[in-house]
Amino acid sequence: MGQKPSVAKGTRDFFPAIVAKRQYIFQTIKDSFETYGFSPIETPSFELSSTLMGKYGEEGDRLIFRILNSGEKMKKADVDALNEGNLPRFANSLSEKALRYDLTVPFARFVVQHQNDLAFPFKRYQIQPVWRADKPQKSRYQEFYQCDADVVGSDSLVYEVDYVQLFDEVLTNLNVPQAVIKINNRKILSGIAEVSGEAEKIVAITVAIDKLDKIGLEGVLKELQSKGISEDALEKIKPLFKITGDTRQRLVQMKTFLADSEIGLKGIEELEYIFNTTDQLGLKSTEVEFDVTLARGLNYYTGAIFEVKCNAVSIGSICGGGRYDDLTGIFGMKNMSGVGISFGADRIYDVLEELDLFPSSVDNRLELLFINFGEEEAAYCMGMVKKMREAGVSSELYPKSAKMNKQMKYANDRGVKFVALVGKNEMEQGVLRIKNMDTGEQDDIQPDALVNHLKKA
RNA sequence: GUGGUUGUAGCUCAGCUGGUUAGAGCGCUGGAUUGUGGUUCCAGAGGUCGCCGGUUCGAAACCGGUCUUCCACCCCA
């Protein structure tokens, strides 16, 4: 038999029925992106290593798939670095290119590189696969799609409000129930760090707070201690965990908590604007909510932080996003504020699948298969196939006059909706015998009436 | 990256403390059925037991390495 075939670690094959469902999700997202004024771009699947390396933190670099130099370039291998145990430098000498790790950094590169050809604020969306050399787990793969919409070149909060509307629009169109759009602001997190007197430990503090619902208050305090946060600071942070109530009530209490932090109050102000404006505009099927524990995302978020959860399913977040004031700065373009969101298509797929929410129109099964009775009949049926295709009905003729049994079995296995049996008898009578494969019923139909007959079912 | 786990037919899995020709169900192919699938019956094909090495008279089984699967952590979509 030879070598056993298999896909590479962390990758997947998709069957036709799965692709149909995935495309339905992508298409729904695309349609909304476009009605909100985003235009599609595409960037290469691999970039120069220098574009990607160092942009995702110390953890990130390790997870970037690197592309080995080929041909003469292999001679550039820095053997000295290897002998000295300097693996990063050795790796760099072996590889000049890497698969993209996300869509945001390539987008930043794109904006800086083409800044003279873009009208700002520039709004783009991008739906392409990305690759991560992560250890695969359930619904965590090494190759997956991201669906990003970003705008760069404006710090207006109008866009934050727009994104809330966009989340609502897409999730409503996909019939995702009980979706909650959680919003926080990096400035508030900075404020918390500032108030505690450990401003420089903001990352450790936010990462710990983010785990509140997972490890509880005790766990968070423990983690903070282990990260070297002083007892004094802990005491100052503790009141934060006593804040309760709905979004409004919690914002009011946060204001008191952050009274001494200018940046923290700025964050509150921004959130108030977003929540007030969203209230005026209204939402179709989702809810918005303030969540201080939200500290996800890469370290480059500087303003709003978004995360969307579906409470009908116990699955992680299905969308995310946030504002980053200086993303293009790493490529030398200053003062370009950006804000973007991302839909987790694989997660959304799992939600729709689990709740059985894919519409029946997502169905790419063949509509009509003509049984092949022989040369003469086949020629006649090919004419019918052509007519049906012109009428927009997907149809085929079985390629050879195999046994009826075999042809019917093929139709069944393939999930064909209708089978046309047109032999000598039917040809003489000028009718088509149409069998509905779901119900097993069959009728003799006039050729002119065929399209209507199929539509009715 | 750390710790654990998994791998036997296309699929899901049996296979005793190491002992002849490695089994089942489903699927597949053919037939019962030369104009009727999804039900039934009969027959058949299909396996260097993930891969490499070691221990042993003898390895699917034990040991080491490697790849893969899944899980927790880290991180993340």
Side-chain angles (χ1 to χ4, degrees), chain A residues 1-12 25 29 56-64 87 100-104 127-148 203-204 207-208 210-211 214-215 219 223 226-227 295-299 306-310 315-322 340-351 369-374 377 398 401-427 432-442 444:
Chain A
M1 174 175 61
Q3 171 193 10
K4 192 171 189 171
S6 161
V7 296
K9 176 164 72 168
T11 64
R12 300 161 285 170
I25 294 172
I29 293 170
Y56 305 102
E58 43 194 272
E59 282 289 305
D61 278 6
R62 205 190 71 224
L63 301 178
I64 293 173
L87 294 179
R100 66 167 167 250
Y101 176 88
D102 72 355
L103 300 178
T104 309
I127 298 179
Q128 291 190 277
V130 301
W131 295 270
R132 295 187 185 177
D134 209 353
K135 254 194 189 162
Q137 272 179 46
K138 192 105 194 168
S139 46
R140 267 177 94 165
Y141 304 95
Q142 294 197 336
E143 177 185 62
F144 60 97
Y145 273 74
Q146 287 193 329
C147 312
D148 281 19
V203 172
V207 166
D210 183 32
K211 294 177 183 165
K214 206 169 175 181
I215 61 179
E223 170 146 346
S226 75
K227 289 281 154 69
R296 288 238 163 194
L298 309 172
N299 354 13
F306 298 112
E307 187 168 306
V308 181
K309 278 198 166 156
C310 171
I315 227 167
S317 62
I318 54 177
C319 311
I341 59 166
S342 183
F343 286 84
D346 288 293
R347 291 268 178 88
I348 292 173
Y349 181 97
D350 290 342
V351 171
L369 177 77
F370 285 82
I371 297 295
N372 192 326
F373 284 97
E377 294 91 334
Y398 192 86
S401 63
K403 276 187 188 165
M404 185 67 143
N405 217 317
K406 194 179 164 100
Q407 298 193 46
M408 290 302 289
K409 189 160 160 41
Y410 175 75
N412 189 63
D413 291 347
R414 207 176 139 179
V416 174
K417 293 175 195 162
F418 293 94
V419 165
L421 299 110
V422 186
K424 284 269 153 49
N425 297 340
E426 288 80 7
M427 281 171 69
L432 309 167
R433 176 154 295 182
I434 302 299
K435 175 160 182 162
N436 181 325
M437 293 295 283
D438 291 335
T439 64
E441 290 165 13
Q442 48 187 8
D444 285 351

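So you know, we letter chains A, B, ... as the sequences are listed, proteins then strands, and number each from 1. Here the structure is a predicted model, which means the values were calculated and not measured.
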Given [options], identify the nucleotide with an atom nearest to the side chain of [X].
X: P136(A); options: U69(B), C71(B), A77(B); answer: U69(B)
X: K406(A); options: C28(B), G30(B), C76(B); answer: G30(B)
X: Q137(A); options: C73(B), G35(B), C76(B); answer: C73(B)
X: D413(A); options: C28(B), G35(B), C76(B); answer: C28(B)
X: R433(A); options: A77(B), A72(B), G35(B); answer: G35(B)

What is the distance from [atom1] of [X] to [atom2] of [N], rounded to the nearest Å?
X: Y410(A); N: U29(B); atom1: OH; atom2: C1'; answer: 18 Å
X: N372(A); N: G35(B); atom1: CG; atom2: C1'; answer: 13 Å
X: D134(A); N: U2(B); atom1: CG; atom2: C1'; answer: 13 Å
X: K409(A); N: U33(B); atom1: NZ; atom2: P; answer: 18 Å
X: M408(A); N: U34(B); atom1: CE; atom2: P; answer: 15 Å
X: K135(A); N: U2(B); atom1: NZ; atom2: P; answer: 7 Å
X: L63(A); N: A77(B); atom1: CG; atom2: P; answer: 11 Å

Between R140(A) (side chain) and K135(A) (backbone), is there a donor-acceptor pair under 3.5 Å? no
Looking only at heavy atoms, which two atoms of [X] and [Y] are closest? And how far apart?
X: S342(A); Y: Q146(A); answer: OG-CB, 4.4 Å
X: Y145(A); Y: D346(A); answer: N-OD2, 4.1 Å
X: D134(A); Y: L63(A); answer: CA-CD2, 3.9 Å
X: Q142(A); Y: K9(A); answer: OE1-O, 3.1 Å

Just checking [X]: base, sugar-phosphate only, or nothing, at a heavy-atom cut-off of under 4.0 Å?
X: G415(A); value: nothing
X: Q442(A); value: base
X: E377(A); value: nothing
X: N405(A); value: base
X: G60(A); value: nothing
X: D438(A); value: base
X: K403(A); value: sugar-phosphate
X: F343(A); value: nothing

Provide the distance between the two [atom1] atoms, one in [N] and one in [M], to the nearest whole Å.
N: U21(B); M: G4(B); atom1: P; result: 37 Å
N: G3(B); M: C74(B); atom1: C1'; result: 12 Å
N: G15(B); M: G50(B); atom1: P; result: 15 Å

Over 60° means perpendicular and under 30° means parallel, so tell me whether Y56(A) and Y101(A) are parallel, tilted or perpendicular. tilted
Of N436(A) and I318(A), whose nearest nucleotide on RNA chain B comes first from the 5' end? N436(A)
RNA chain B: 5'-proximal contact among E426(A) and F144(A) (nearest heavy atom): E426(A)
Only Watson-Crick and G-U wobble pairs, only distances under 3.5 Å, only runs of 3 or more: what stems does that leave for RNA chain B? B:1-4 with B:70-73, B:10-13 with B:23-26, B:28-32 with B:40-44, B:50-54 with B:62-66
Side chains of N372(A) and S401(A), donor plus acceptor under 3.5 Å: no
Considering just the side-chain nitrogens and oxygens of K9(A), establish if one lies under 4.0 Å of OP1 or OP2 belonging to U68(B). yes
